[in-house]
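From a predicted model like this one, the values you see are computed outputs, not experimental measurements.
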Amino acid sequence: MGRGIKWKILSTTIVVLLLVAGIFILGCGGREAEVSSEGGKGVTESGGEAEKPLLAGEAPSREQAYPTTERPGTSALPEVKARVIKTGLVKMKTDRGGYTGIREDAMALVTAAGGYIQDESSSRDEDGLVHATLTLRVPAEAFDRIMTDISSLGEVLSTQVNTSDVSAEYVDLEARLRHLQAEEAFYLTLIGKASTVQEMVTIREHLSSVQLQKEQVQGRINYLDSQTQYSTLTLSVDEAGPEEKGGFWNSVGRAFRAFARGMRALALALFYVLPWVVLAALLGLVVYFVSRGRKGKPAEGE
């Protein structure tokens, strides 16, 4: 075989191999393009997956509905505001006549903090000592400070603080209120569509029931708002006189004072009973004279 023939065979073989390689490369490229266009996802310039375009009437996917990184399940839930009802009790004693000053100072502290006195009751015992109770409403954020300041006004005997977390109840009430508001709106729309008197009456009955429940829920929410925004602080003050010394004459003096108090109580009791005693005496006299008159009358036929 000549040299020219070998060269022709070699060149032909090389051409055939190049053609086969070109066909293989073109086939792989077309297949990748088909998968990219028909499979729904390709590769973006940044290396991520390209989004598949929506067809007519097709619902968006989770990624298309939430294109940002903040999707359901990844973002934090909204924090529920804590709602706490706080009440306090301070019992203290002071010297005779000291209640007036404590009351004025307590009113000044509470008023300066934006609170107010809700209730006040006082009484004076036989020795002239005052025993009083003040019910104060103070802003919740100032409760601890006001309680500390008030405790410094006199000799504290005891303190007590109670807290009640109503956050869960408040959330439930808000959800129930939204539901009742939706029901109310629904029945209001039905009123305009009623075709008979019976339908109108039935719809109004349901509407009245829903509105009553809504008012009750709203009232409870308003009460919890009031109790959580303003805390209740009760101040109990007892005046105490100087301790009496021992000894014979001091004991005699206490005995006379006790005797005087007993006589005063007895006199008051007599004044309460005296009208009834007088009435009973008058009735007795009437009965006596009537019976005496009958006995003195001569019998008939004598």
**OP:** Check His131 against Leu129 and note the closest heavy-atom contact, atom names and distance.
**Re:** CD2-O, 3.6 Å

Original post:
Are Leu177 and Tyr223 linked, directly or through other ILVMFWY residues, by side chains that come within less than 4.5 angstrom of each other?
Top reply: yes

Original post:
Can Leu235 be reached from Val161 by stepping across I, L, V, M, F, W or Y side chains whose heavy atoms are under 4.5 Å apart?
Top reply: yes

**OP:** Please check if Leu89 and Leu153 belong to a single hydrophobic cluster, counting links between Ile, Leu, Val, Met, Phe, Trp and Tyr side chain heavy atoms closer than 4.5 Å.
**Re:** no

Subject >> For Lys86, all residues meeting salt bridge (charged side-chain N to carboxylate O under 4.0 Å, His left out), sequence neighbours excluded >> reply: Asp144

Subject >> Thr159 (side chain) donor-acceptor with Val90 (main chain) under 3.5 angstrom >> reply: no

Subject >> Residue pair Ile221 / Gln218, side-chain heavy-atom distance below 4.5 Å >> reply: yes

Original post:
If you draw a 6.0 Å radius around OH in Tyr116, do more than 12 non-hydrogen atoms from other residues or ligands fall strictly inside?
Top reply: yes

**OP:** May I ask you to test the Leu207-Gln211 pair for a side-chain heavy-atom distance under 4.5 Å?
**Re:** yes

Subject >> Same apolar cluster (I L V M F W Y, side chains within < 4.5 Å links), Phe186/Leu188 >> reply: yes

Original post:
Within the side chain of Ser209, is there an N or O that forms a donor-acceptor pair under 3.5 Å with the backbone of His206?
Top reply: no

Original post:
Side chain of Thr228, backbone of Asp225: donor and acceptor closer than 3.5 Å?
Top reply: yes

Atom pairs and distances, donor-acceptor, side-chain atoms in residues 132-141, under 3.5 Å, two or more places apart:
{"residue": "Arg137", "atom": "NE", "partner": "Thr232", "partner atom": "OG1", "Å": "3.3"}
{"residue": "Arg137", "atom": "NH2", "partner": "Ser226", "partner atom": "O", "Å": "3.1"}
{"residue": "Arg137", "atom": "NH2", "partner": "Tyr230", "partner atom": "O", "Å": "2.7"}

**OP:** Could you state whether Ile117 and Tyr99 fall into the same hydrophobic cluster, counting links through intermediate Ile, Leu, Val, Met, Phe, Trp or Tyr residues with side-chain heavy atoms under 4.5 angstrom apart?
**Re:** yes

Original post:
How long is the gap from CE on Met107 to CZ on Arg103, to the nearest 0.5 Å?
Top reply: 5.0 Å

Subject >> Glu184 side chain reached by Leu180 side chain, heavy atoms, under 4.5 Å >> reply: no

Cut-off 3.5 Å, no hydrogens considered: what does the side-chain donor-acceptor table look like for residues 190-197, sequence neighbours left out?
{"residue": "Ser195", "atom": "OG", "partner": "Glu199", "partner atom": "OE1", "Å": "3.1"}
{"residue": "Thr196", "atom": "OG1", "partner": "Glu199", "partner atom": "N", "Å": "3.2"}

Original post:
Closest approach of Ile150 and Leu233, non-hydrogen atoms and distance?
Top reply: CD1-CD2, 3.7 Å

**OP:** Please examine the side chains of Gln213 and Arg176, heavy atoms only from C-beta on, and report whether any two atoms are closer than 4.5 Å.
**Re:** yes

Subject >> Heavy-atom side-chain contact between Leu224 and Arg83 under 4.5 Å >> reply: no

Subject >> Distance (rounded to the nearest 0.5 Å) between Glu104 CD and Ile102 CD1 >> reply: 11.0 Å

